[in-house]
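Please read these numbers as outputs of a predicted model, since none were measured by experiment. Naming: A, B, ... by sequence-line order, numbering from 1 per chain.
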Amino acid sequence: MYALVDCNNFYVSCERVFRPDLRDKPVLVLSNNDGCVVALSNECKQLGIHRGVPLYQIQDMIKQHDIAVFSSNYTLYGDMSNRVMQLLTDMSPDIEIYSIDEAFLDLSGFDLIDLESYGRQLSRVVVKSTGIAVGIGVAPTKTLAKIAGRFAKKYPGYKGTCVIDNDEKRLKALKLTDISDVWGIGRRNVTKLKALGIMTAYDLTLRSKSWIQSKLTIVGVRLWLELKGTPCIEREDSRARKSICTSRSFGEMVSTYDELAESVAYFASRGASKLRKQHSVASMITVFIYTNRFREDLPQYTTSQSLKLSSPVSDSVQIVEAALQALRMIFREGYLYKKSGVILQNISSDEAIQLSLFNKKDTKKLNKISQVMDEINRKNGDDTVHLAVQQMDRNNNTANEQAVKWRLKEDYKSARFTTNLKEIIQVNAK
DNA sequence: TCTGGGGTCCTAGGACCC
DNA sequence: TCTGGGGTCCTAGGACCC
């Protein structure tokens, strides 16, 4: 059996831990640049607000219903997530952290344990120790555990834990689950399946394997088996990433090469440090730049450029250099750019590197420099030291230099309560 | 005025090999 | 008129997840 542990409205719950006055009030959390809604409290859901709606479209409702609005604070959410996951790790034999707010527990060997009371104990401990409420679904496959988890949250009768441990419960749950609520069936396939008369998860299980294969490929067959009780979804944690993408929309559009280059250098070096963290190297890099696709009145330019590196590397110097080389190949004057990004690909372990005959760079030395930078930044905070091209501290200069336009816009950000002493003191002083 | 970021997997089709 | 068989690798695009 598997247990899915899923935090309720996770980002909202994190904000509420430090703002208990908002417990029963409508709260929402925005995406980067305060663009769209990414998390909402149940009160907001009841008002008809949906995930993904742009902020400007709901300004009136926010005023009218006095909705509390937060910019996303990933430092805070990441730290709260670690606390929840640590508790789950302590209380279970085998945990797979699936996302920032979800984990699967492998319950092999729990045959003699009452899974319902085990689930309730887990959720009691988590909410008491962290302030974050969780829903728990228990079932023989991950896909069924997801379905059980939905029931746990939807019906108060389950008291936060729903267990599917026999065929009668399984079939009942499948019949009550709309096809659009099945994990792995997205918008496109919902339209397709409903047109074919498949309305519930149960309807899907009635079709033959070959029918599923022809409509939904091998992915659908796995899902079909999972719904019927045969586990076939592998765990995907603890694997090194196969690609690492770092990108951001800008707070304000930028037009010059220099501004774009700063952003690309910054993303490239952040990517390089993620790469080193998982002990990998990359031998291909892609840089992309976008104009603002919503501004139909402006000329549009969206492009990318990939470069193969002469040997796999992970040091910031070589990766930033390659990224800027790619950017020079695609940059065009006369556009207002809204977003850039860097993708590191062809990733392999840093233990067995095929060295190039032609790479004249002293990779050993550059790696050492990056290691030292990582160490300093780990102790003193991100970007304490960085490459000069990144121009991190330009905002602090008193000269008439322009502010860094591409920096994120975050007007409603809470303090990093659990990780940043200076901010905690400021909040207390207030 | 204002519209997120970071991933994975699968398939089809083309280039190329013997 | 008639034009093989079997394979790998790479890429772009689509679909999905949180």
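- Contacts of A:Lys146 with the nucleic acid, taken as non-hydrogen atoms under 4.0 Å apart, involve only primed sugar atoms and P, OP1 or OP2.
- As rounded to whole Å, 16 Å separates atom C1' of C:dA12 from atom CZ of A:Phe288.
- Here A:Gln59 lies out of heavy-atom contact (under 4.0 Å) with every strand.
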Table of protein N/O atoms under 3.5 Å from nucleotides 1-4 of chain B N/O atoms:
unit_1	atom_1	unit_2	atom_2	d
B:dC2	OP2	A:Arg295	NH1	3.4
B:dT3	OP1	A:Lys338	NZ	3.2
B:dT3	O4	A:Tyr56	OH	3.0
B:dG4	O4'	A:Ser31	OG	2.9
B:dG4	O6	A:Arg51	NH2	3.1

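- Of the candidate nucleotides C:dA15, B:dT11, C:dC17, C:dA15 has the atom nearest to the side chain of A:Arg188.
- Using a 4.0 Å heavy-atom cutoff across all strands shown, A:Leu30 reaches no nucleic acid atom at all.
- Salt-bridge formation is not detected for the pair A:Glu226/A:Arg222: no Lys NZ or Arg NE/NH1/NH2 atom is positioned less than 4.0 Å from an Asp or Glu carboxylate oxygen.
- With rounding to whole Å, A:Leu216 atom CG is found 12 Å from C:dC17 atom P.
- Taking only side-chain nitrogens and oxygens, A:Ser243 comes nearer than 4.0 Å to OP1 or OP2 of B:dT8.
- The side chain of A:Arg241 has B:dG7 as its nearest neighbour among C:dC16, C:dC18, B:dG7.
- Of the N and O atoms on the side chains of A:Gln345 and A:Thr286, at least one donor lies less than 3.5 Å from an acceptor on the other residue.
- Between A:Gln305 atom CD and C:dT11 atom P there is a gap of 13 Å when expressed in whole angstrom units.
- Separating the CG atom of A:Asn346 from the P atom of C:dC10 is a distance of 8 Å, rounded to the nearest angstrom.
- With A:Tyr11 as the fixed residue, the side-chain contact (heavy atoms from CB on, under 4.5 Å) test singles out one of A:Asn73, A:Asp101, A:Ile100: A:Ile100.
- The six-membered or imidazole ring of A:Trp406 lies away from that of A:Tyr337, with a centre-to-centre distance of 6.0 Å or more.
- For the residue pair A:Thr161 and A:Glu116, no side-chain donor N or O sits within less than 3.5 Å of a side-chain acceptor on the partner.
- Atom-to-atom, CZ of A:Arg270 to C1' of B:dG7 comes out at 17 Å; the value is rounded to the nearest Å.
- Look at NZ on A:Lys215: it is 21 Å from P on B:dC10, rounded to the nearest Å.
- One interatomic measurement links the two molecules: CD1 of A:Ile233 to P of B:dT8, which rounds to 16 Å at whole-angstrom precision.
- Across all strands shown, A:Ser72 has no heavy atoms under 4.0 Å from either base or sugar-phosphate atoms.
- Picking from B:dT11, B:dG6, C:dC18 the nucleotide with the shortest atom distance to the side chain of A:Gln213 gives B:dT11.
- In DNA chain B, runs of at least 3 consecutive Watson-Crick or G-U pairs, each pair with both distances below 3.5 Å, span B:5-18 with C:5-18.
- Within 4.0 Å of A:Val182, counting heavy atoms only, lie sugar-phosphate atoms of the nucleic acid but no base atom.
- Under a 4.0 Å N-O distance rule, the pair A:Asp106/A:Lys142 does not qualify as a salt bridge.
- Atom CH2 in A:Trp183 sits about 15 Å away from atom P in B:dT8, given to the nearest Å.
- Between the side chains of A:Ser41 and A:Asn9, no donor-acceptor pair of N or O atoms lies under 3.5 Å.
- Distance check, rounded to the nearest 0.5 Å: CD of A:Gln64 to CE of A:Met61 gives 7.0 Å.
- Here the side chain of A:Thr246 is nearest to one of C:dC18, B:dG6, B:dC9, namely B:dG6.
- Counting only heavy atoms from C-beta on, A:Lys274 has its side chain closest to B:dG7 among C:dA15, B:dG7, B:dT8.
- Nucleotides B:dT3 and C:dC18, compared at atom P, are 25 Å apart to the nearest Å.
- Salt bridge annotation for A:Lys146-A:Asp181: absent, with no cationic side-chain nitrogen under 4.0 angstrom from a carboxylate oxygen.
- The closest side-chain donor-acceptor pair between A:Ser263 and A:Ser340 falls under 3.5 angstrom.
- Judged by distance alone, the side chains of A:Thr89 and A:Gln86 never bring a donor and an acceptor atom under 3.5 Å apart.
- The residue A:Ile244 sits close only to the backbone: its heavy atoms come under 4.0 Å of sugar-phosphate atoms, none of a base.
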